[in-house]
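Being a predicted model, the structure only gives us computed values, none of them experimental. Within every chain, numbering begins at 1; the chains are lettered A, B, ... in the order of the sequence lines, protein sequences first and strands thereafter.
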Amino acid sequence: MKAVYNHKEIEKKWHDIWEEHPVNVDDGKKEKYYCLDMFPYPSGSGLHVGHWRGYVISDVWSRYKLMQGYYLIHPMGWDAFGLPAENYAIKMGIHPAITTAENIANIKRQMKQIAAIYDWDREVNTTDPDFYKWTQWIFVQMFKNGLAYEKEMPINWCPNCKTGLANEEVVNGKCERCGAEVTKKNLKQWMLKITAYADRLLEDLKTLDWPEKVIKMQTEWIGRSYGAEIEFPIEGTDRKITVYTTRPDTLYGATFMVLAPEYEGASQLATPDHQKEVDDYIYQTSMKSSVDRLQDKEKTGVFTGSYAINPLNNEKVPIWLADYVLADYGTGAIMCVPAHDDRDFEFAKKFDLPIIQVISPDGKENENLEEAYIGTGIVINSGEWNGRNSDELKKSAPDEIEQRGIGKKKTNYKLRDWVFSRQRYWGEPIPIVHCPDCGCVPVPEEELPLLLPEVEKYEPTGTGESPLAAIEDWVNTTCPVCGKPARRETNTMPQWAGSSWYFLRYVDPHNKEKLVDREKADKYLPVDMYIGGVEHAVLHLLYSRFYTKFLKDINVLDFDEPFTKLFNQGMITGKNGIKMSKSKGNVVSPDDLVRDYGCDSLRMYELFVGPPELDSEWDERGIDGVYRFLSRFYNLANTSLEANVAPTLEMIKLRHKLIRDITRRLESFSLNTVISGFMEYNNKLNDMAKTTGGIDRETMESFIRLLAPFAPHVAEEMWQAYGHEESVFDPKFGWPEYDEALCKDDEIEIGVQVNGKVRATILVPVDADQESALAKAKEALGDKLSGSIVKEIYVPGRIVNIVVK
RNA sequence: GCAGGUGUGGCGGAAUGGCAGACGCAUCAGACUCAAAAUCUGACGAGGGCAACCUUGUGUGGGUUCAAGUCCCACCACCUGCACCA
């Protein structure tokens, strides 16, 4: 009798059993394994097949670890503050908390279809006051430690979202969220001093088992460089301008100086006959959007009429303003060495400024430099430095400059402090009170959480004020220190605030007293494996690292890095590689597929579409293939159980090879070839069963266990059919083991080549010696072998190649 | 411009320097069926040959090697990130 694979019945059955009898239990003895998914934003459109893949990958890995005997931390939660819910509230007048709750319910329903082994008791939600109490608490600690500060400055402003943005949220001059062109706006902002951690954030990257790409992106984002700050006196005054350079070795070649147009006091440097031009230029620059400024390839600039003195040779150098110099990097002023810097060269050519070569590859001066020479060489035209090696001088120049008292050594970073306030409603209120006498005072810890108040209008004001500013009875409060009337801070935190630490809360989600109990933190953290998309390579992953380091410094935790290993799964796209989105109408929902093919089939197909780290186009026709495989396997397992055959040597060998291949591929995260491996071995076993009537119990049971992380329902069903009372995931069964010696075949088919071209195949013992292998090869070749033999190559188990002339 | 990734049949994709195209989808043929679906069996890169076979073939052009999808050099195309950071 043929058993029919009924996925609906099987999946319903095991769904219920798992609910009642969880297999992932902490007995206090097992080692922990923390496998984390990047928690989702509960969007209204629900999960699509692309989200599914990430969750399937992490669940497969988790279940594998579970079977190996670990106690799993495999939680899920909601990154629920953010713009879509707020925008929906503005449009429909429905409170974001209501839409958020609805969306969470829907996505949670979809997630249960994945049958991932999440521990829902650990669920967190960033908009839950019990959670954001601690988000606010961390902010207060940062404030107390001088890492959160208020500053008025021009920040990135999205005119569409009507809020300020962090540097990390601006992509090619556009808003990371909505794509609108980002402008500058002068606003008083809360900042987090992430730059204080720049060195540690950079150095500790070396300790991480992360994709090289992400390490590189963070390294570049932090952008550390070594150089010197050098002081140039301004001619005819007692003022000085400090420049930053990474090339102090070229100081003799500095023929002019350029300041950013925003440089403080730039206008005052203009001599009367240049004043109008200078002020016009400053004004024009201030009118440019960051996109325009990025796209202007042609250099512009204006001469101030003033001169600075090169402190090394006392030469006069003209001071210019140009927008290719950034105001917020270094000192906002640079010394220009046109002979050895592309940008300075271009500028000097355009405005006819002198060019002095100070480094030469051969020690000779090139009369007609056609481009800047960036390389190293012998120092020339540099007084007492002449004749030195430029590389060596580059290293010692900062010290020499410091000794002469004209400057000092300096390390700079591209990383900027984190603009942390948002002028929007749906976020954590920043727990600060502004007191006319005491200044900024944090809300006392026992008063946290500072609840987000209800408002009538969610609409952002656009003025730089948060909608919270309109709620008079919330804004007006008293100073926690002196008791006098004071006003609350009305800005909210960015969405990144909650996601920067949520993974810590999972290990102690209900703690009322602490962010996380220290003992639990020590026991269950850090995260061993973090799985998610690459879009957070700098944003979330950098912020989380910063938070973790800070929490270590204030003794909440005892580790430096939150995520030991990181895996970036590729995106599942629609046809032609187009990103799935509601507006494009190409979103594929998993719901129908689960109904028609079952969870196990979809899980396996999600992995089968391609290598997990690469993007894949979704083509659902292929799911038939895995469904057929599962049906065949189900069948084979059932017939084999009935047939109850004794193992043959062939079966035993196949079993060991199966375990070896699947385990190796799984270990190397080649999940697509794990699935094809299952199919391949299933075909082989099926062929074998045609003559034997079935496959032996041990082989089938091994197969079932290997399949369990991938197709947990079918595996449980078959495991039970094979007479086991406990779950296939019960750690007492463990992960199947193999014996390398039993994976070897006695005989093997190898190719026989003549001059590198395959002309025949022969069956030889694996360890056949050269003589017998060659004899057999020649026999197989027959008259295809002609001419005189030049060379004979035999690689045991691989190939025979005979070279003839 | 700089850095990284990718490029293999009609399609998704396999290949520790050793028989390219595993596995799957689609397609075609056959079996079963009154018929269809499902299932099973077989064929399936291109060109040639009645045939066993031959030629050719992994983005392009060179090179190393007995042997290259794989290693080296130089290009091309697409994707991603960074982009005046001095």
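Residue A:Arg632 is classed as a sugar-phosphate contact, given heavy-atom separations below 4.0 Å to backbone atoms only. Note on A:Lys414: a base of the nucleic acid sits closer than 4.0 angstrom, heavy atoms only. Using a 4.0 Å heavy-atom cutoff across all strands shown, A:Glu792 reaches no nucleic acid atom at all. The residue A:Thr761 sits close to a base: some heavy atom pair falls under 4.0 Å. Backbone-only engagement by A:Val803 is indicated by non-hydrogen atom pairs under 4.0 Å involving sugar-phosphate atoms exclusively. Residue contacts for A:Val325: at a heavy-atom cut-off of 4.0 Å it reaches a base atom on one of the strands shown. Residue contacts for A:Phe608: at a heavy-atom cut-off of 4.0 Å it reaches a base atom on one of the strands shown.
When the salt bridge (charged side-chain N to carboxylate O under 4.0 Å, His left out) test is applied to A:Glu168, no partner is found at least two apart in sequence or on another chain. In terms of the salt bridge (charged side-chain N to carboxylate O under 4.0 Å, His left out) criterion, A:Glu176 has no residue partners (sequence neighbours excluded). By the side-chain hydrogen bond (donor to acceptor under 3.5 Å, both in side chains) test, A:Arg177 pairs with A:Gln495, sequence neighbours left out. For A:Phe351, the ring-ring contact (aromatic ring centres under 6.0 Å, His included) partners are A:Trp320, A:Phe347, not counting sequence neighbours. For A:Lys653, the side-chain hydrogen bond (donor to acceptor under 3.5 Å, both in side chains) criterion is met by A:Asp746, not counting sequence neighbours.
By the 4.0 Å N-to-carboxylate-O rule, A:Glu740 lies close enough to A:Arg664 to be salt-bridged with it. Look at A:Lys778 and A:Glu792 and you find a salt bridge, because one of the NZ, NE, NH1 or NH2 atoms lies within 4.0 Å of a carboxylate O, short of that distance. Comment: A:Asp687 does not engage A:Lys684 in a salt bridge, judged by the lack of any side-chain N to carboxylate O separation of less than 4.0 angstrom.
At a non-hydrogen distance threshold of 4.0 Å, nothing from residues 764-778 of chain A comes into contact with RNA chain B. Shown for residues 611-619 of chain A: residues whose heavy atoms fall under 4.0 angstrom of RNA chain B, namely A:Pro611. Within residues 670-690 of chain A, the residues that have a heavy atom under 4.0 Å from RNA chain B are, in order of number, A:Asn672, A:Thr673, A:Ser676, A:Met679, A:Glu680, A:Asn683, A:Lys690.
Looking at A:Tyr324 and A:Asp344, their side chains do bring a donor and an acceptor atom within 3.5 Å of each other.
Counting only residues at least two apart or on different chains, no side-chain hydrogen bond (donor to acceptor under 3.5 Å, both in side chains) pair has a member in residues 755-768 of chain A.
Side-chain atoms of A:Ser616 and A:Arg53, non-hydrogen and from C-beta on, do get closer than 4.5 Å to each other. Counting heavy atoms from C-beta outward, A:Tyr5 and A:Phe633 have side chains that stay 4.5 Å or more apart. Looking at A:Leu201 and A:Gln218, their side chains never come closer than 4.5 Å, going by heavy atoms from C-beta outward. Contact check for A:Leu542 versus A:Leu415: side-chain heavy atoms found under the 4.5 Å cut-off.
For the P atoms, the distance linking B:G59 with B:A20 amounts to 16 Å, nearest Å. Look at the C1' atom in both B:A38 and B:C50: the space between them is 38 Å, to the nearest Å. The gap from the P atom of B:G13 to that of B:C25 amounts to 16 Å, rounded to the nearest Å. Look at the P atom in both B:C53 and B:G62: the space between them is 32 Å, to the nearest Å. Comparing the P positions of B:G9 and B:U70 gives a spacing of 15 Å, expressed to the nearest Å. B:G7 and B:U60: their P atoms are spaced 13 Å apart (whole Å). A distance of about 40 Å separates the C1' atoms of B:G47 and B:U33, rounded to the whole Å. Using atom P as the reference point in both B:U56 and B:A67, the two lie 15 Å apart (nearest Å).
Under a cut-off of 6.0 angstrom, the local environment of CD in A:Glu371 is sparse, with at most 12 non-hydrogen atoms contributed by other residues, nucleotides or ligands.
If you check B:C84, B:A86, B:C66 against the side chain of A:Lys299, the one that comes closest is B:C84.
Across the protein-nucleic acid pair, A:Leu259 atom CG and B:C84 atom C1' stand 16 Å apart, rounded to whole Å. Rounded to whole Å, the distance from NZ on A:Lys579 to P on B:U80 is 10 Å. In this structure, OH of A:Tyr634 is placed 21 Å from P of B:A38, rounded to the nearest angstrom. The separation between A:Leu607 atom CG and B:C25 atom C1' is 17 Å, rounded to whole Å. Between A:Glu168 atom CD and B:A83 atom P the separation is 10 Å, expressed in whole Å. Residue A:Glu346 contributes atom CD, which lies 14 Å from atom P of B:G1 at whole-angstrom precision. Residue A:Ile762 contributes atom CD1, which lies 13 Å from atom C1' of B:G18 at whole-angstrom precision. The separation between A:Tyr605 atom OH and B:C23 atom P is 17 Å, rounded to whole Å.
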Show me the protein contacts with nucleotides 54-56 of chain B, counting only N or O atoms at under 3.5 Å.
from	atom 1	to	atom 2	distance (Å)
B:U55	OP2	A:Arg759	NH2	3.0

Dump every N/O contact between nucleotides 26-28 of chain B and the protein below 3.5 Å, one line per pair.
none

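Because its glycosidic torsion is more than 90° from 0, B:G45 is reported here as anti.
Nearest-nucleotide positions on RNA chain B place A:Glu749 closer to the 5' end than the other of A:Glu749 and A:Met217.
Under the side-chain contact (heavy atoms from CB on, under 4.5 Å) rule, A:Phe256 has a single partner from A:Leu353, A:Ile355, A:Ile334, A:Asn310, which is A:Leu353. Of the options A:Tyr681, A:Phe629, A:Phe608, a side-chain contact (heavy atoms from CB on, under 4.5 Å) to A:Ser676 is made by A:Phe608 and by none of the others.
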Once Watson-Crick and G-U wobble pairs under 3.5 Å are found, how is RNA chain B written in dot-bracket notation, 5' to 3', with | for any base paired to another strand?
(((((((..(((.....[....))).(((((.......))))).((((....))))..(((((..]....))))))))))))....

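In this model, the phosphate group of B:A86 is approached by a side-chain N or O of A:Tyr329 to a distance below 4.0 Å at OP1 or OP2. OP1 or OP2 of B:U39 has not a single side-chain nitrogen or oxygen of A:Ser631 nearer than 4.0 Å.
The distance between the ring centers of A:Phe703 and A:Phe678 falls below 6.0 angstrom.
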